[in-house]
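For reference, the structure is listed below as structure tokens.
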Amino acid sequence: MECPNALRTTLLALFLILDLAAVCHGRLRYGFYNGKCGQQNVEAIVQSIVKNSFTTDPTIVAGLLRLQFHDCFVNGCDASILLDGPYSEKTASPNLSVFGYDLIDQIKVVLESVCPGVVSCADIIIAATRDASILAGVPPFQVQLGRRDGMVSLASLVNLPSPNIPVPTAIQFFQSKGLNPFDMVLLLGAHTVGICHCSTINDRLYNYMGTNKPDPSMNSSYMTIVQNNYCPKGQSNNNYVYLDDPSSAKSIDNSFYKQILNNKGILPIDQALALDGSTRWMVNLLANSTDFPSLFTQALVKLGRVEVLTAVPVVY
Ligand code: HEM
Ligand SMILES: *[C@@H]1O[C@H](CO)[C@@H](O)[C@H](O)[C@H]1NC(C)=O
Ligand SMILES: *[C@@H]1O[C@H](CO)[C@@H](O)[C@H](O)[C@H]1NC(C)=O
Ligand SMILES: CC(=O)N[C@H]1CO[C@H](CO)[C@@H](O)[C@@H]1O
């Protein structure tokens, strides 16, 4: 058993046809795998592999957070995002996403060798993202496990919000997943550890709304820094810029909120959080408080509960 991205796309078509499963929603539990993997501690195994990976490359934190977001927002937290093999072609961030997928696979291989067929890829994503977040500075927190992997992944289900959507639309999007506006503002705080490929914001930097000029709403001194140091005009599409203050890009802290209050948001949606009346107060609150890391863990836990599958499916 491997995580689903190891499946061939051709096989996938068959799975799709077979996906007539009626699903019972059971419950997630703390310590779900206790006693289910012989004497082995499943969560400790995940943690040690994540730790090794983080030591080699701390960007795994961003890779995993984004992976969990995409997994949970597309058909629930069921690892179906992994089924979508060529998914990375659809994101502007192929390398890091692939990095996240590889780590999930690596963990799955180890767990299969100690207790085959027990631990779901969906739970591995949740546990690994938790462990990576703690390594990046949030206080330790527990996650409930017991998710079952989905068997369906349709490109047509991949309906993720665009970085250009207005705040009210983003709020509706999150609300449709059972997450409130405050959860949304907290979860977007994940961008504190992320990067953005220059291609995603080229228009803001060089041709805002067809004006042939930069977006005037960005802090002009910061605009110059981004243009000169990160995203020079006409350079490689692999260039990227940090979504947060570069000096704080490795830790999960509230500097992202300070950054957007200074009009240094990189993604339009990030900047919009600080400008829109419905979210600005939350941004002010988070920018002034030391509570963000712990509030973030609570929002991440809620994200991990979006439309989960738990019981074994009944196939008619
Ligand atoms: C309205 C919601 C969101 C939008 C429109 C959005 C959009 C984006 C975009 C466009 C990028 C840059 C990709 C690139 O150019 O490489 C990005 C990066 C990222 N996003 Fe989001 N995002 C959203 C919410 C979230 C949430 C809820 C999380 C996690 C909890 C998240 C985690 C990340 C991370 C960690 C990165 C950096 C990835 C890296 O460093 O490779 N995002 N996001
Ligand atoms: C632009 O950034 C500087 C710090 O680099 C800050 O002092 C200033 O307030 C920002 N300007 C605006 C309009 O946000
Ligand atoms: C802190 O709060 C005040 C208002 O209460 C606000 O004006 C300010 O922008 C907030 N953020 C920071 C980083 O000080
Ligand atoms: C290290 C690595 O995998 N780099 C790849 C990142 O993605 C580009 C294409 O988007 C490849 O050309 C690189 O080889």
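Just follow the structure's listing: the first ligand is 1, and inside any ligand the first atom is 1.
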Under-4.0 Å heavy-atom contact with ligand 1, by part of L267 that carries it: side chain
Numbered atoms of ligand 1 (with element) below 4.0 Å of F69, judged on heavy atoms: 22 (N), 23 (C), 24 (C), 25 (C), 26 (C), 27 (C), 28 (C), 29 (C), 31 (C), 42 (N)
Nearest option to atom 13 (C) of ligand 2, as decided by whichever heavy atom of D245, N263, I260 sits closest: N263
Atom indices of ligand 1 within 4.0 angstrom of A62 heavy atoms, with elements: 35 (C), 39 (C), 40 (O)
Between Y222 and N262, a side-chain donor and acceptor under 3.5 Å: no
L205 vs M223, side chain to side chain contact (heavy atoms under 4.5 Å, CB included): CA-CA, chis, key distance, verdict: CA-CA 7 Å; L205 301 180; M223 175 63 82; 3.7 Å; yes
Part of S162 with heavy atoms under 4.0 Å of ligand 1, whether side chain, backbone, both or neither: backbone
Aromatic plane relationship, Y242 with Y240 - under 30° parallel, 30 to 60° tilted, over 60° perpendicular: perpendicular
Subset of ligand 1 atoms that lie under 4.0 Å from at least one heavy atom of L188: 2 (C), 3 (C), 23 (C), 24 (C)
By side chain to side chain contact (heavy atoms under 4.5 Å, CB included) - contacts of N180 (at least two apart): F182, D183, K302
Polar side chain donor-acceptor pair, N263 to S217, under 3.5 angstrom: no
Residues which pass disulfide bond (SG atoms under 2.5 Å apart) with C196, listed by chain and number, not counting sequence neighbours: none
Which residue and heavy atom of the protein sit nearest atom 9 (O) of ligand 2, plus the separation: N262 OD1, 3.8 Å
Element-labelled atoms of ligand 1 that are located less than 4.0 Å from some non-hydrogen atom of P161: 1 (C), 2 (C), 5 (C)
Protein residue, atom and distance nearest to atom 5 (O) of ligand 2, heavy-atom basis: K264 NZ, 2.7 Å
Mutual orientation of the aromatic rings belonging to H191 and F256 [parallel < 30°, tilted 30-60°, perpendicular > 60°]: perpendicular
Plane angle bin for Y257 and F292 - parallel if under 30°, tilted between 30 and 60°, otherwise perpendicular: perpendicular
Verify same cluster id: Y208, I201 (apolar side-chain graph, 4.5 Å): no
Winner among H197, H191, R66 once heavy atoms are compared against atom 42 (N) of ligand 1: H191
Transitive ILVMFWY side-chain link L275 to L267, under 4.5 Å: no
Within reach of ligand 1, part of L243 (heavy-atom separation under 4.0 Å): side chain
Per-atom contacts of ligand 2 with N219, taking only distances under 4.0 Å to non-hydrogen atoms: 1 (C), 2 (O), 3 (C), 8 (C), 10 (C), 11 (N), 12 (C), 14 (O)
Side chain, backbone, both or neither: L187 near ligand 1, heavy atoms under 4.0 Å: both
Atom 11 (N) of ligand 2 protein-contacted (non-hydrogen atom, under 4.0 angstrom): yes
Selected option - heavy-atom contact closest to atom 12 (C) of ligand 1, from L65, T200, I195: I195
Ligand 1 to P163 polar contact by distance, N or O atoms, under 3.5 Å: no
Element-labelled atoms of ligand 1 that are located less than 4.0 Å from some non-hydrogen atom of A190: 28 (C), 29 (C), 30 (C), 32 (C), 35 (C)
Test applied, side-chain hydrogen bond (donor to acceptor under 3.5 Å, both in side chains); reference residue, R130; option that passes from E43, Q142, Q47: E43
